[in-house]
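The structure appears below as structure tokens.
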Amino acid sequence: MPSSCASNVQDRIRSIPELATLPETVSQVLFLLQDESYTALDLAAVIESNSTLASQILRLINSPAYGLERGVCSIPDAAILLGFDEVERMALGVSIVTVFGANRTGVKTLGPLWRHSLATAIAAQVIERHNHRQASALQGAHVAALLHDIGKVAIIQYLPEARDRIMRLLVGGATVPEAERDALDGVTHCDVGAWLAEGWGLPATVVDGILRHHDPQKAAEDEPMVHATHVANCLAKSQGHCAPVCDPEEAVHPFSASIVGLNSELANRVVFTLGRCRCLMGAFARGDMFSPHS
């Protein structure tokens, strides 16, 4: 149970009107991607039910980053041309960015953080598909991975005093956990992110993945979502996709490695997939889903 001081931080986070509830389309996307039975048609229907989301995804696809020879005019057309996985990543990423009322300038300010979050989600998706025997338990690991640093976004945007104190402490030589606990009455971005996810009604497995992604040793063997999120985070960092305001490269915990079956084949598959997704990550971090004047 959080201390009274930590409870004050929790209350502040949960009382932010913009973060209190998820927009309906965002909620639909997040929950759909954790349903084993969902199809490409299901996702296309959700995207197309929200004209803003659909136009943002199409703007992203038609940005110079992809260098397509012809314009893409519909979500099904995008799925055929770029692949369903790419469109799924766009839907997930753009949906979350819009929760924070972002525009092109706002996204570019947090560009490295969003890029890291997307890279972690991509790595987690590879881990999900590698672990066929744990398919049900790992369904939606890429959702937890995309959201694993969402607490940092909330702190940066909505807790300016804490953000500034954290930066001063880091300059003074503190580690990220030390600085966050000092500035946030004993809690870290992991706690903040978990509070948000819990408030949004996301599954407990996703909440735990966010909460424990730096402390997988505190999770049980039957909590593979935590281990997948941790490993994905470490692998993303190892490829240079690091969030701002983070400690140096983090070693994969041996327990987590054993749970997700991390070996050279899986690691190489993650590296290959991240390489294939570099256009998406670049366009995403630049805020290409928004118009140039937004």
Side-chain angles (χ1 to χ4, degrees), residues 18 22-35 38-126 128 140-147 150 153 200 202 241 273-294:
E18 298 88 340
L22 287 173
E24 184 178 358
T25 302
V26 179
S27 180
Q28 288 177 334
V29 169
L30 288 177
F31 281 94
L32 181 65
L33 300 187
Q34 295 164 82
D35 183 348
Y38 93 96
T39 67
L41 291 176
D42 294 327
L43 181 59
V46 170
I47 294 171
E48 291 179 326
S49 71
N50 185 305
S51 59
T52 300
L53 176 61
S55 64
Q56 288 173 328
I57 290 175
L58 291 174
R59 191 177 290 119
L60 197 61
I61 294 169
N62 290 306
S63 69
Y66 282 94
L68 300 178
E69 294 182 0
R70 66 179 179 85
V72 177
C73 300
S74 71
I75 298 303
D77 193 20
I80 292 171
L81 189 62
L82 296 178
F84 174 63
D85 285 352
E86 191 86 341
V87 174
E88 179 187 300
R89 293 174 190 125
M90 290 180 183
L92 181 59
V94 173
S95 296
I96 291 302
V97 165
T98 57
V99 171
F100 292 86
N103 52 29
R104 180 180 285 261
T105 301
V107 171
K108 288 174 72 174
T109 300
L110 294 174
L113 196 157
W114 289 126
R115 185 186 183 99
H116 166 70
S117 297
L118 186 56
T120 304
I122 291 166
Q125 192 170 50
V126 175
E128 280 182 65
H142 58 303
V143 173
L146 183 77
L147 297 174
I150 207 72
V153 180
W200 292 338
L202 295 180
H241 303 297
T273 306
L274 286 173
R276 287 189 61 184
C277 294
R278 62 184 180 277
C279 290
L280 172 60
M281 289 189 288
F284 193 76
R286 288 192 302 273
D288 287 358
M289 69 286 287
F290 298 101
S291 67
H293 306 294
S294 63

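Keep in mind it's a predicted model, so treat the numbers as computed, not measured.
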Mind checking side-chain contact (heavy atoms from CB on, under 4.5 Å) for [X] and listing every partner two or more places apart, or none if nothing turns up?
| X | result |
| --- | --- |
| A79 | V87 |
| P64 | none |
| A119 | A236, H241, L274, M281 |
| E24 | Q28 |

Just to verify, what does [X] make a side-chain hydrogen bond (donor to acceptor under 3.5 Å, both in side chains) with, not counting sequence neighbours?
| X | result |
| --- | --- |
| S27 | none |
| E88 | Y38, Q125, H142 |
| T39 | D42 |

Identify every side-chain donor-acceptor pair in residues 92-102 under 3.5 Å, counting partners at least two apart or on other chains, and give the distances.
unit_1: S95; atom_1: OG; unit_2: A91; atom_2: O; d: 2.5
unit_1: T98; atom_1: OG1; unit_2: V94; atom_2: O; d: 3.2
unit_1: T98; atom_1: OG1; unit_2: S95; atom_2: O; d: 2.7

Is there a side-chain contact between [X] and [Y], using heavy atoms and a 4.5 Å cut-off?
| X | Y | value |
| --- | --- | --- |
| L146 | T120 | no |
| F284 | V107 | no |
| F290 | Q56 | yes |

Nearest 0.5 Å, what's the CG-CD1 distance between L43 and I75? 8.5 Å
Listed once per pair and sorted, the salt bridge (Lys or Arg N to Asp or Glu O under 4.0 Å) pairs that draw on residues 76-86, sequence neighbours left out: R70-D77, D85-R129, E86-R89
Mind checking salt bridge (Lys or Arg N to Asp or Glu O under 4.0 Å) for R59 and listing every partner two or more places apart, or none if nothing turns up? none
